[in-house]
Amino acid sequence: MHWGTIALITLCSLGTGLSAIALAPAAPAAPASPAVPPSNFYLELRSVLRNVPHKQIEHLVQAYLLNDAEFQAVVREINSLATYRLRLQLLNQPELRQFLQWLSQQLILSGGSLKVFDDLELEIKVLNKYPHWAQSVNGIAGFEQEFDYIYPLASIRKLLETSAQQSAVFGQFWQRVVALKPVYERFLATSQATAFASRLRNLGVDVNGLDSFVRYQLGWSNETLPNNYEYDYNYGFY
Ligand SMILES: *[C@@H]1O[C@H](CO)[C@@H](O)[C@H](O)[C@H]1NC(C)=O
């Protein structure tokens, strides 16, 4: 299993943390341009991100957050002061800052902004949407299994690679994402990250699965995950 939520939360906090380190004040939204350029990085990235089943993830997280004690403990851990500091430490890695600056510039140049990631933010309501949610949760392992079921990991990876082949800027984007691997390794080796991983492990999180998930999604490994269900639009789950 792969603990996508942390990945997702990382993405979201990247998205929100970005404004904090964004270079210049946000550029004004580009006026609607009559001539759409043949290739537009912002639109390409947006169309990749639209493949994240955001609503389904939101429902899943909401059901678990409201009804599952194991999951609640993990969310508390993610929101602890120590983890907050760890997130800042990650965002402060020079290579990551450079990457985010480049990304922000490219998005502005193509008429968008880092707000393209806002769509991934989860809005959780405090009451169960469906009464059966109270009974349908099944601990961290249950969450991980359901997450794997709805998150099209391999399709999104494939889409990132195809988009990179079809557009020069997207190609650079993907290359830069893949090149962040050493930063990730260095970060994981810090005592703070190791301590975080072991706190998660103690709470029942499949940390190795999460690590494989992140590595495969971001091009740092080509090893597909054994338990990831892929949705095939013609044939359903297999
Ligand atoms: C994954 O496969 C691609 C294409 O064969 C290759 O360029 C890349 O280096 C591989 N990545 C890793 C982390 O092995």
Side-chain angles (χ1 to χ4, degrees), residues 1-15 18 39-53 86-87 89-103 105-107 110 116-117 120 144 147-194 196-198 200-201 205-233 237-238:
M1 124 66 242
H2 333 297
W3 215 63
T5 284
I6 296 203
L8 202 74
I9 287 169
T10 311
L11 274 179
C12 297
S13 48
L14 280 182
L18 290 181
S39 134
N40 178 302
F41 176 60
Y42 162 65
L43 296 179
E44 288 157 359
L45 183 59
R46 198 179 63 176
S47 92
V48 171
L49 294 177
R50 284 200 171 151
N51 288 273
V52 173
L86 191 65
R87 210 155 60 217
Q89 189 188 325
L90 176 65
L91 285 169
N92 269 323
Q93 302 298 308
E95 296 95 329
L96 188 56
R97 290 177 67 110
Q98 265 171 24
F99 167 75
L100 293 173
Q101 287 197 350
W102 178 88
L103 181 58
Q105 280 164 349
Q106 294 305 319
L107 286 168
S110 51
V116 69
F117 292 102
L120 297 179
E144 291 170 339
F147 186 90
D148 280 351
Y149 199 67
I150 58 176
Y151 189 89
L153 176 64
S155 318
I156 293 180
R157 167 75 187 263
K158 207 175 286 170
L159 203 54
L160 286 162
E161 287 172 336
T162 357
S163 308
Q165 277 161 13
Q166 286 164 355
S167 133
V169 182
F170 207 102
Q172 279 186 48
F173 164 72
W174 182 237
Q175 209 173 20
R176 284 167 188 262
V177 170
V178 172
L180 289 172
K181 182 180 177 183
V183 185
Y184 178 70
E185 306 276 9
R186 194 179 65 217
F187 178 74
L188 281 190
T190 63
S191 58
Q192 294 93 330
T194 316
F196 175 59
S198 96
L200 288 181
R201 215 171 270 124
V205 174
D206 176 2
V207 173
N208 291 344
L210 171 62
D211 179 59
S212 306
F213 174 94
V214 170
R215 286 172 191 267
Y216 186 68
Q217 186 67 115
L218 299 179
W220 301 334
S221 147
N222 288 337
E223 271 174 58
T224 49
L225 307 176
N227 300 328
N228 194 263
Y229 303 89
E230 260 313 294
Y231 192 77
D232 181 304
Y233 289 95
F237 290 104
Y238 59 88

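The chain is numbered in sequence order, starting from 1. Ligands are counted one by one from 1 in listed order, and the atoms in each one are counted from 1 as well.
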| said: Side chain or backbone, does Asn222 bring an N or O within less than 3.5 Å of an N or O on ligand 1? | reply: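 Min N/O separation from ligand 1 is below 3.5 Å for Asn222.
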* **side-chain hydrogen bond (donor to acceptor under 3.5 Å, both in side chains) partner of Glu161, chosen from Lys158, Gln165, Arg157** =>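 The side-chain hydrogen bond (donor to acceptor under 3.5 Å, both in side chains) with Glu161 is passed solely by Arg157 among Lys158, Gln165, Arg157.
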Quiz prompt | Heavy-atom check, side chain of Leu103 versus side chain of Phe41, under 4.5 Å | solution =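 Leu103 reaches Phe41 side chain to side chain.
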Does the plane of the ring in Phe170 sit parallel, tilted or perpendicular to the ring in Phe173? Use 30° and 60° as the thresholds.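 Taking Phe173 first and then Phe170, their aromatic rings stand perpendicular (interplane angle over 60°).
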Check: If you look only at pairs with a residue in residues 182-193, which of them pass as a salt bridge (Lys or Arg N to Asp or Glu O under 4.0 Å), with sequence neighbours excluded?
Finding: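 Residue pairs with at least one partner in residues 182-193: Glu95-Arg186, Glu185-Arg215.
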inquiry  = Under 4.0 Å from atom 7 (O) of ligand 1, is there at least one protein heavy atom?
reply    =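 No, there is none.
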Check your understanding: Can you check whether a protein heavy atom sits less than 4.0 angstrom from atom 10 (C) of ligand 1?
Key ->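 Yes, there is one.
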- [ ] List the closest protein heavy-atom neighbour of atom 13 (C) of ligand 1: residue, atom name, distance to the nearest 0.1 Å.
- [x]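 Going by distance alone, atom 13 (C) of ligand 1 is nearest to Trp220 O, 3.6 Å.
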